[in-house]
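Have a look at the structure below, then the notes.
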Amino acid sequence: MSELTRVSETPRVEELEDGTKVYRTAQWSPPGCHGVGCGLRCFVKDGKLVKVEGDPDQPITNGRLCVRCLTLPEYIYHEDRLLYPMKRDRQFRGQPDKWERISWDEAYDIIVSKYHELTAKYGPDTVSVWTGTGREASAYQFQTCNQVFHSRTAIHANGGWSCVIPRQTAMDWLLGCAYVEYDGAFGFKDRYDDPRYELPKYMLIWGRDPLWSNPDGLFGHSTVDMMKRGMKIIVVDPRANWLARHAEIHFQIRPGTDAALAMALNTVIINEDLYDHDFVEKWTYGFDEYAERCRTMTPEMAADICEVPVEDIYAAARMLAQKPCTASVGLKTDQNPNTLQICHAIWGIFAICGNLDNPGGIKLGQTMKNGGSTGRKGVGMQVNEEDTNPIPIAGHDQYPAMDFIINTTQPDCTLDTLRTNIPYPIEFLFIQSSNFISSCITQQPMQWMEACRHKEFVVATDIFMNPTIQALADVVLPVSTSLEHEGIVTFHGCNQPGQFHALTQVLEPLGECKSDLQIMLDLDHRINPDRTEDTEKWASEHGYLDNKIQNIPYTADPETGEPMTYEKLQEWVYGRYEIPYYQYEKGLLRMDGQPGFKSTTGRVELWSTVKNHLGEDPLPYYEEPRFSKRSRPEWTEEYPLDFVTGARRPTSFHTEHRMIDSLREIRTAATVEIHPDTAAKYGIGQGDWVTIENPWGKCKMIADLTPIVKENVIGCDHGWWYPEDKDTELFSVRKSSINSLMPWKEIGKLGLGSHYGALPCKIYRSED
Amino acid sequence: MTAYGLMFDNEYCTGCHSCELACRNHLDLPLGQWGIKLLEMGPWRKLDGRWEGKYVPVPTTYCDLCADRVERGEKPSCVLHCLAQAIEYGPLDELAVKMADRGAQCSIFLP
């Protein structure tokens, strides 16, 4: 059974001689990050935060902090922070000088009256709730949308939902479990020294740079900890990032060709009979068909497709067939119409080698109450109410599989819906923590802006004014930072072992800022005053947090056996959440408590019954990137290069932190990585402004000459806008918008996966 | 008198910049001033196809080796916050032994 224990007995608050109070707390957001729960010691003097340090007691980060937490005081006390609710007449959208301060009551009155007016006119689904990634607000999106506003229009404006959901769908359908991650001994007191743990021999790192992305609650530098202990890494990435440069084997693949490599690795393992026959026999379904399909992709074919040495494919396959081996699979496997096949073949390697839920293998996500998929008809979901509404959720008519995958609209079709009002008009936009007209989540961000510009009502919540709010909002609500409110932070809702920490309020909120949670509850009290179910949960922040904690399995207080509460967790500061190995043998993955996996067949489905049911090929296959030189040879002369995007920097979380001077001092503007030989060919020097252009759009970035990209590939930053350009249209959001060079609705058959890279372009020096 | 210094593991330093800002917080320095500065060598491909290149954090003359922190029994700020745990503080002779044990890609700095 999973279990929860207290990590440290150090008092939560300590007072220094000069009266400074030092509060220990775990961090999430805002400012954004992925909920790693890094441990902080916050020095507060006379009610003001004077310094933030790392807390050595935090069992995973051990006091380490990245530059974003180290600059928290600069962020919290920044002169541009939003401190009060404001309104602006709808006719002045886009104009920075038309905002007017209002009270919370007036803000809520406006929102609630617009809610009643527009839902009476268009129906409840006209209300849309938008979030970005990572921040705490994303944990409240579905509740705000479904339960507060009674709408089905939750929007994640991300082409092909290319952020975690494709990967998670593959985990759910293939592996029959919730979110999987590499086994970094995150739940053990003695971590890597726990006798139950075994260090992986190899970690396959695919399309992910965890050092800077700290994805989905993972402390990325734990990879380095494991390397220091002797683990070797194999990296698949078009860029030779730090990890790739320290890898045993680095596959510097042609962008977007991932599925070919993944299938060929399986081929070698199968042909050389390196797989785990017992595991395959006992726990998998469809191996023979899977093997036959993989073998249609020989290592020689993959070497040609991916433009990598064939001997590396053989060598890597032999390494990965050993036990234990693990994998760290990232966003780039989502950002491809071929995504479900890529993930299928990657997880397949670890399934056929028996590296699932073993010590040092791939840690399978605990399913139980948390479910795996979040789709309305997702496998293993507790569906309380059948959706009998004859009108489909936006995009679910074109992509019915979305009903099984996630409780949002289909993102690409949402842009159609915004423009056409089919199947229903979306006229009320509640945007929380999403800056979607900057170059991050959306493709063609200006088209999304245009589609939203004439909507009847737009309200947004955030810490700073940003291009999206400036362009669209009628009302803006100021959100408190993580040090100004309370909350909890866990590793993927405790699907994974590790952090179970409290966020503690250590400062009075600046101005009139409120937490995302409090805003949701305030709106609920006004819209649903007669709520009869879960009234304690909806009554207060603590009630809500208690309910959230108690819905996680096995979280009883270990001392008293009583249900855990937020207040208790706050005293602990850090909890450690452990999940056993070999859950599939112990009946811990299935709702019925039987051994096996949470799939229709109870096995790892190498031949996917779900994909087959949904009309997709049940086996993995390779699809050439749609705009590659091989797909569009006629474009090669005009657009000789391919660009990739998404490389993370320690100095920002996607579109955030652009106004923090200390971080801008380290990275001043958007950069484009160009191989020195390519730069020489085009007369581009280090630090020059460069225009990147293709048939969909163009943008400008500063040249960074580096051999970490191949001669025919450039690496482009994302998420840039320039808060200092206050007098320029929308903070110069279009200047470095690489996402304006991306087509939209070029997605996989089931509606998942889109090209955020592997796209053609040309570059030239900008004159200005 | 025993001399103290900082030892850097240049194989595992990932270039996170945490030392720079942790140090600036400790010394309360303004923008443009550094108590430790991260330098980068390379990267470039060697003749055998492997990569050369490393990050080298260099303490400046502002660095006081966090005397007051050390006196309180705490680690120097850059040591505590380094994401790769690639910095060690100690007496020079002990660091030299550790460096010899490490065997490669290390540097010791006296600010």
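Just so it is clear, the values below take in all heavy atoms, side chains as well, and ignore hydrogens, waters and symmetry mates. Numbered from 1 within each chain, the chains take letters A, B, ... in sequence-line order.
Both the backbone and the side chain of A:Asn62 come within contact range of chain B, judged by heavy atoms closer than 4.5 Å. Residue B:Glu20 touches chain A through its side chain alone, counting heavy-atom pairs closer than 4.5 Å. For B:Cys16, the parts sitting under 4.5 Å from any heavy atom of chain A are the backbone and the side chain alike. Neither the backbone nor the side chain of A:Val50 comes within less than 4.5 Å of any heavy atom in chain B. Contacts between A:Ile666 and chain B at a heavy-atom distance below 4.5 Å involve the side chain alone, from C-beta outward.
Under a 3.5 Å cut-off, the side chain of B:Trp51 and the backbone N or O of A:Trp242 do not form any donor-acceptor pair. With B:His81 contributing its side chain and A:Glu53 its backbone, the two residues share no donor-acceptor pair below 3.5 Å.
Closest of all the heavy-atom pairs between B:Leu31 and A:Ser662 is CD2-CA, 3.7 Å.
Atom CG in B:Leu21 sits 6.5 Å away from atom CG in A:Leu663 (nearest 0.5 Å). Within the model, atoms CD of A:Glu74 and CG of B:Asn25 stand 9.0 Å from one another, a figure rounded to the nearest 0.5 Å. Between B:Cys23 atom SG and A:Leu70 atom CG the span is 11.0 Å, to the nearest 0.5 Å. Here the CG-CG distance, from A:Leu65 to B:Leu83, works out to 8.0 Å after rounding to the nearest 0.5 Å.
Contact residues of residues 38-49 of chain B toward chain A are B:Pro43, B:Trp44, B:Arg45 (heavy-atom distance under 4.5 Å). Heavy-atom proximity under 4.5 angstrom to chain A picks out B:Arg69, B:Glu74 from residues 56-76 of chain B.
Interface check for chain B: of the options A:Lys228, A:Arg649, A:Arg68, A:Lys51, the most heavy-atom pairs under 4.5 Å are formed by A:Lys228. Chain B forms the most heavy-atom pairs under 4.5 Å with one residue out of A:Glu665, A:His246, A:His250, and that residue is A:Glu665.
Applying the salt bridge (Lys or Arg N to Asp or Glu O under 4.0 Å) definition to pairs two or more places apart or across chains, those involving residues 85-111 of chain B are B:Asp9-B:Arg102, B:Glu11-B:Arg102, B:Glu88-B:Lys98. Sequence neighbours left out, the pairs with a member in residues 232-242 of chain A that pass salt bridge (Lys or Arg N to Asp or Glu O under 4.0 Å) are A:Arg239-A:Glu673.
Between the side chains of A:Thr651 and B:His17, not a single donor N or O lies within less than 3.5 Å of an accepting N or O.
Summarising the local packing, CG of A:Asp46 is surrounded by 12 or fewer heavy atoms from other residues, nucleotides or ligands at distances under 6.0 Å.
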